[in-house]
Amino acid sequence: LFLVSALSTGFMAVILSSSIIGVLKEGLVILERIDIVLIILEIFIVAFYLQGTQRVFESRASAKLVLSGSVAPMFWFGFVILGLVLPLLLDLIGVFALSGISAHTYVLLASSFGIIGGLILRQVILKGGIHAPLKSGRFEYGLTNV
């Protein structure tokens, strides 16, 4: 999840910084299309990640905290909507729209939202984590959430 998110936000950062320094939009179209694929891949990975959390009690509790607990608004609005849905829609509009300044603006907005969403994803994972106890034989040490 972090690898694909890092690739996606990295592409967005390159697109955003290249646009700021004046690289022509035609040179960035391939990066924008790769980023669309990465965002779609990230959506699938998040779904599989959350499905895979159902195996261990602490993982289920963490997923519940992220999906419907205190971290849920940050996850749903910050990451899912701001970091995935909006960048995907804006990238699709920007890449497949007719050339013009407005298409370029859509891609810049998508990159900005995607970078913010990627940062929020990292915060969600850190805040939503519940520590499993360390076990070794009959010894068990419970970690506290810090």
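The hydrophobic clustering, which links ILVMFWY residues whose side-chain heavy atoms are closer than 4.5 Å, places Leu119 and Leu38 apart. Hydrophobic clustering places Phe2 together with Leu7 (ILVMFWY residues linked when any side-chain heavy atoms are closer than 4.5 Å, directly or through intermediates). Both Met74 and Leu82 belong to a common hydrophobic cluster when Ile, Leu, Val, Met, Phe, Trp and Tyr are linked at side-chain heavy-atom distances under 4.5 angstrom. At a threshold of 4.5 Å between side-chain heavy atoms, the hydrophobic network of Ile, Leu, Val, Met, Phe, Trp and Tyr places Leu3 and Leu126 in two separate groups.
The two atoms that bring Gly129 and Ser62 nearest to each other are CA-OG, 3.7 Å, heavy atoms only.
Considering only residues two or more places apart in sequence or on other chains, Asp91 meets the side-chain hydrogen bond (donor to acceptor under 3.5 Å, both in side chains) condition with none of them. Residues forming a side-chain contact (heavy atoms from CB on, under 4.5 Å) with Ser59 (at least two apart in sequence, or on another chain): Thr53, Val56. In this structure, Val37 has no side-chain contact (heavy atoms from CB on, under 4.5 Å) partners at least two apart in sequence or on a different chain. Legend: residues meeting side-chain contact (heavy atoms from CB on, under 4.5 Å) with Leu31, ordered by chain and number and at least two apart, are Phe11, Val14, Ile15, Leu28. Residues passing the side-chain contact (heavy atoms from CB on, under 4.5 Å) test with Leu90, sequence neighbours excluded: Tyr106, Leu109, Ala110, Phe113. Arg122 meets the side-chain hydrogen bond (donor to acceptor under 3.5 Å, both in side chains) test with Ser5; sequence neighbours excluded.
Counting only residues at least two apart or in different chains, ring-ring contact (aromatic ring centres under 6.0 Å, His included) contacts with residues 22-74 are absent. The side chain to side chain donor-acceptor pair (under 3.5 Å) pairs that include a residue from residues 7-23 are Ser8-Asp35, where partners are two or more places apart or lie in different chains. Pairs passing the ring-ring contact (aromatic ring centres under 6.0 Å, His included) check and including a residue from residues 67-95, sequence neighbours excluded, read Phe75-Phe79.
Atoms CG and CD, from Leu84 and Glu42 in turn, are 5.0 Å apart once rounded to the nearest 0.5 Å. Going from atom CG of Leu88 over to atom CD1 of Ile43 covers 5.5 Å, rounded to the nearest 0.5 Å. Remark: Leu50 CG to Ile45 CD1 distance equals 12.0 Å, nearest 0.5 Å. With rounding to the nearest 0.5 angstrom, the CG atom of Leu41 is 10.0 Å from the CG atom of Leu1. Remark: Leu86 CG to Ile81 CD1 distance equals 7.5 Å, nearest 0.5 Å. In this structure, the separation between OG on Ser112 and CE on Met12 is 10.0 Å, given to the nearest 0.5 Å.
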- [ ] Start with the C-alpha distance between Val46 and Gln51, add both sets of side-chain angles, then the distance that settles side chain to side chain contact (heavy atoms under 4.5 Å, CB included), and finish with yes or no.
- [x] CA-CA 8 Å; Val46 167; Gln51 187 274 333; over 6 Å; no
Please list, one pair per line, the donor and acceptor atoms closer than 3.5 Å that link side chains of residues 63-73 to other protein atoms, with sequence neighbours excluded.
{"from": "Ser68", "atom 1": "OG", "to": "Lys64", "atom 2": "O", "distance (Å)": "3.2"}

